[in-house]
Participant: 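Sharing a structure with you now.
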2 protein chains.
Amino acid sequence: MLAAVLQIRDGALNVLLWQRAMEPALGRWALPGGRLGASEDVQSSVSRQLADKVDLREVAHIEQLGVFSAPDRVPGRRMVATAFLGLVPCDADPAVPSDTRWHPVAALPDTAFDHAAIVRDAQDRLRAKLSYTNLGFALAPAEFTISALRDLYRAALGHPVSATNLQRVLARRGVLVPTGRTAASGPAGGRPAALFRFAEQRLRVTDAFAVLRPPSGEPGLDGAPGTRRSASDLVHPVVT
Amino acid sequence: MLAAVLQIRDGALNVLLWQRAMEPALGRWALPGGRLGASEDVQSSVSRQLADKVDLREVAHIEQLGVFSAPDRVPGRRMVATAFLGLVPCDADPAVPSDTRWHPVAALPDTAFDHAAIVRDAQDRLRAKLSYTNLGFALAPAEFTISALRDLYRAALGHPVSATNLQRVLARRGVLVPTGRTAASGPAGGRPAALFRFAEQRLRVTDAFAVLRPPSGEPGLDGAPGTRRSASDLVHPVVT
DNA sequence: ACCGGTTTTCGCCTTATAATCGAAAACATG
DNA sequence: CATGTTTTCGATTATAAGGCGAAAACCGGT
């Protein structure tokens, strides 16, 4: 039960780590987590563990990342961990305990166990899902300009992003809606930017990323009609 | 530790289930699996469990599906299961124990616990990955005609697929290569079909499915150059 | 009030990829 | 050799993404 909680800070992707005060891996930096309780599922459990580190209301999205189970991943005793990816909007600055810090994923400190690999997987997952879902909602504030959103995507993806293209791709998919309001101009003037928000605060997959689509009226030769869920209500869609 | 092992049989997607001979859920159909050993990771473990049910050499691909952990998913005692997706090429017909059968996923029998939901997740994962990976290799024989492959995709996706389009989409991506040989004509004559094979037998993600790409030379403003893995060597890519 | 400087926004065009359609190719049978 | 069947291929259309530059909307200073 571990979580890689990511947030964009100062234009870079950061992850929440705490410094271990005991063996094994004393002094190294580790992902927050804990043991699974008897009457909770893994998702509730990880949420509960995180409550010690950050204000839970700040975590906009959380999902399973995978199971890490190499027998020797934790020296001494057998530990099988279910890892999660958590995302915090960039305008939140949750209070964290004194042993806990945000670290840029591009320059991790000395990490414990296989936690560096888990962070890499989390980053990969985030990058991929930014492409074909509305996952940006979990990184952005409630209201934002396109430029601000562009900066978030650039930090998360690790490469420059065209504001024009971002705007249109997201608008066409219906994930971005204008609020009608505008932001104040910057110090040097310039046209005031329109404010946008994400249409939904829940993960949704872009339909169009599926290739080899059904002809058109998509008759479907599945058995059990009505049993099949439509692509758009898959919350934790599809890949790993 | 459970596996939903899928195979196309008689033009429909099937899953391997065994009938429980003990409580709880006596008589119901369950996914094969077992407990994690002390010195193995979950993937090795599931492979080991499957060895009892099918010839392992027949399983062309296996990957993590997710953790199922609702406290009451198994009545009586606490069971947290890591579920896997396994795929068997359609030309294999592994010998299975007498309590084990293939069942069409469209018409599952009385299933135990939450196994029906796991099978649905497995099917969703397969459908999605057929779109943007070369995962078809795990469903198809070593050599096949486009028509045969079309039938496999149709069965897995649940909707009609154009052979022409399938051919070119996969060829353009470089996942399909002609062997040069041709199949024998059918009983009614017709032009003999060319035989193809998948270029690789390992999962590979189509690069192009990523949107919001880097400008062109993809400079990348990541830290730690060389640390980052390229999209194409992600074996278990990216989504869930 | 006007002018240069700045930032955002929008329309037009190009490119990339997928889907559709129909004609031609290659075989079997009578 | 004509006919029917199946596959293959080229040409075309459709859709989505990326690139580019002009126009819009604000600033501060002259």
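Letters A, B, ... mirror the listed sequences (proteins, then strands); counts begin at 1.
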Participant: If I compare all heavy atoms of B/Pro89 with all of B/Ala140, which pair ends up nearest, and what's the gap?
Facilitator: CB-O, 3.5 Å
Participant: Between C1' on C/dA25 and CD on B/Gln167, what's the gap in Å once rounded to a whole number?
Facilitator: 15 Å
Participant: By the 4.0 Å heavy-atom rule, please label A/Ala163 as base, sugar-phosphate, or nothing.
Facilitator: nothing
Participant: Between B/Ala188 and B/Arg213, just flag the one whose closest nucleotide in DNA chain C comes earlier from the 5' side.
Facilitator: B/Arg213
Participant: Regarding A/Arg173, tell me which of base, sugar-phosphate or nothing describes its non-hydrogen contacts under 4.0 Å with the strands shown.
Facilitator: sugar-phosphate
Participant: Given D/dT8, is OP1 or OP2 found less than 4.0 Å from the side-chain N or O atoms of B/Arg191?
Facilitator: no
Participant: Taking all heavy atoms of A/His61 and all of A/Ala138, pick out the closest pair and write down the distance.
Facilitator: CB-CB, 3.7 Å
Participant: Mind calculating the distance between CG (B/Leu166) and P (C/dT20) to the nearest angstrom?
Facilitator: 13 Å
Participant: Give B/Ser185 one of three labels, base, sugar-phosphate or nothing, depending on what nucleic acid heavy atoms sit under 4.0 Å from its own.
Facilitator: sugar-phosphate
Participant: Quickly work out the B/Arg168 CZ to C/dG22 C1' distance and round it to whole Å.
Facilitator: 12 Å
Participant: Whole-Å distance between D/dT7 C1' and B/Arg181 CZ?
Facilitator: 18 Å
Participant: Which listed nucleotide (D/dT7, C/dA19, D/dT8) is nearest to the side chain of B/Ser147?
Facilitator: D/dT7
Participant: Consider the side chain of B/Ala193, meaning its heavy atoms from C-beta on, and name the nucleotide among D/dT7, C/dA26, C/dA19 that approaches it most closely.
Facilitator: D/dT7
Participant: Would you mind checking if B/Asp151 and B/Arg154 are paired as a salt bridge, meaning a charged N to carboxylate O distance below 4.0 Å?
Facilitator: yes
Participant: Taking all non-hydrogen atoms of both residues into account, name the closest pair between B/Val54 and B/Leu16 and its distance.
Facilitator: CG1-CD2, 3.2 Å
Participant: Using whole Å, report how far CZ of B/Arg172 lies from P of C/dT15.
Facilitator: 15 Å
Participant: Any chance you could lay out the ring-ring contact (aromatic ring centres under 6.0 Å, His included) test for A/Phe144 and A/Phe137, step after step, and finish with the verdict?
Facilitator: CA-CA 11 Å; A/Phe144 48 83; A/Phe137 79 84; over 10 Å; no
Participant: Looking at every strand, decide which applies to A/Thr145 at a 4.0 Å heavy-atom threshold: base, sugar-phosphate, or nothing.
Facilitator: nothing
Participant: Just the rounded figure in Å: distance from P of C/dG22 to CG of B/Asn165.
Facilitator: 16 Å
Participant: Please determine whether a side-chain nitrogen or oxygen atom of A/Thr164 lies at a distance below 4.0 Å from atom OP1 or OP2 of C/dC10.
Facilitator: no
Participant: Please report, rounded to the nearest Å, how far the C1' atom of C/dT8 is from the CZ atom of A/Phe196.
Facilitator: 10 Å
